[in-house]
Amino acid sequence: MPIYDNDFETMPREGLEAIQLRRLQTTIERIYATVPFYKETYKKAGISPSDIKRLDDIRRLPFTTKQDLRDNYPYDMFAVPMEQVVRIHASSGTTGKPTVVGYSKRDINTWSALMARSMSAAGATSKDIIHNAWGYGIFTGGLGAHYGAERLGASVIPVSGGNTKRQITIMQDFKPTILCGTPSYILHLAEVADEMGVDFKDLHFKSGIFGAEPWTEEMRQELQAKLHLKAVDIYGLSEVMGPGVSVECIEEQSGLHVFEDHFIVEVVDPDTLEPVPYGDPGELVFTSITKEAFPVIRYRTKDITTLNPVPCTCGRTHIRMNKPSGRTDDMLIIRGVNVFPSQIESVLMENHEITPHYQLEVDRVDNLDTLTVKVEIDDTMFRDDIKGLQSMESKISHDIKELLGVSAKVALVEPKTIARSQGKAVRVIDHRKF
Ligand SMILES: [Zn+2]
């Protein structure tokens, strides 16, 4: 497959690291002069920009957290005057205030180019028609993908989320070839198509670019089988840029290449904050080295994954991060056992008679944590045979106990009874009071 930005994406490591160091030094000098938060933090830590002499020196810099961004709400982390800011986005503020991010003209340019790279990695070319089902608005997904598709020269349909039946009609009539969206909404689309008697086999998709929430390898198999396309994962977060920080290549579909000429990636132990060896899981940390309006230094994402430095057959030299397995703040502690929703998802997907629609309910009864896994069974398998259902429930419960070491009550529910999301899926309802 052609590589959009061949010179940079296949650059030998030595040259790439030289660029990273130069760009890191420039960024640190600039934020030290323009963002009081960084200047104060670095002074306290006894660090000055001239201390950054080698790439490894990045480890001497303090981390930046979501709380730091909140404390500087809305604009105090901006590194350029407002007249140079041409776009403002914000993260969803599910807890507390949202985090606000700004982009200069050059930042929008960079982001568009990185999204064009990402789409190209997923097999898109200027001949493709891109059905963009990420939400347009203050969330970065919709506009990020939109600008990337235009940069690539592809034809983009700005469908956004929602209005699902109309989306199916558009797919039939406009014949898009690349599908973008959150995996849970895409599953919902597939379901509605099914109700309308539309088979994805008869549509024209060759690949799907799915992201904005963690999803498992098992979910990939499910999506590929249902939608008759190749599914690749894309990663990003508004604090670092938006989608297009890293992406899987369609050749391997195995780990997401981080665009290292724009971001320095680290994986650290979330407790000690020390870097972990390649292959060991830890928290993803990003430093942006080309952003003007809103650079972040060693930003703790809370996403958990591993790094893979093995060269890739696609020809890209940029390191791969594996699909994030969860977030440190998604982690449930059930009777002392750490459980991620994605681990439950993996167990559920092994069973072909149930659908990928599930929800975890956590409660505390008589001072004991309880976990209930609600999962829908397949339409065709829905039957009145109580014994059959009960035995399936206990089989899944047994598998969860065996693989994750936690007891869970499994409740099979009728098809289409778990609420569908238009954006990110709500996987966990925690009734416990802390
Ligand atoms: Zn690759």
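Quick note: numbers below take in every heavy atom, side chains included, and nothing from hydrogens, waters or symmetry partners. Ligands are counted one by one from 1 in listed order, and the atoms in each one are counted from 1 as well.
- In this structure, Arg87 satisfies the cation-pi test against Tyr147, with its NZ or CZ atom closer than 6.0 Å to the six-membered ring centre and inside 45 degrees of the ring normal.
- At a cut-off of 2.8 Å, measuring from the Zn ion (ligand 1), the protein N, O or S atoms that fall short of it are Cys249 SG, His257 NE2, Cys312 SG, Cys314 SG, waters left aside.
- Taking the centre and axis of the six-membered ring of Tyr185, the NZ or CZ atom of Arg420 falls outside the cone set by 45° and 6.0 Å.
- Note on residues 50-59: pairs passing side chain to side chain donor-acceptor pair (under 3.5 Å), not counting sequence neighbours, are Ser48-Ser50.
- With sequence neighbours excluded, no residue satisfies side chain to side chain donor-acceptor pair (under 3.5 Å) with Ser160.
- For residues 255-279, the set of pairs meeting the ring pair (Phe, Tyr, Trp, His ring centres under 6.0 Å) definition, not counting sequence neighbours, is empty.
- Below 30°, between 30° and 60°, or above 60°: for His89 and Tyr103 the angle between ring planes is above 60°, a perpendicular geometry.
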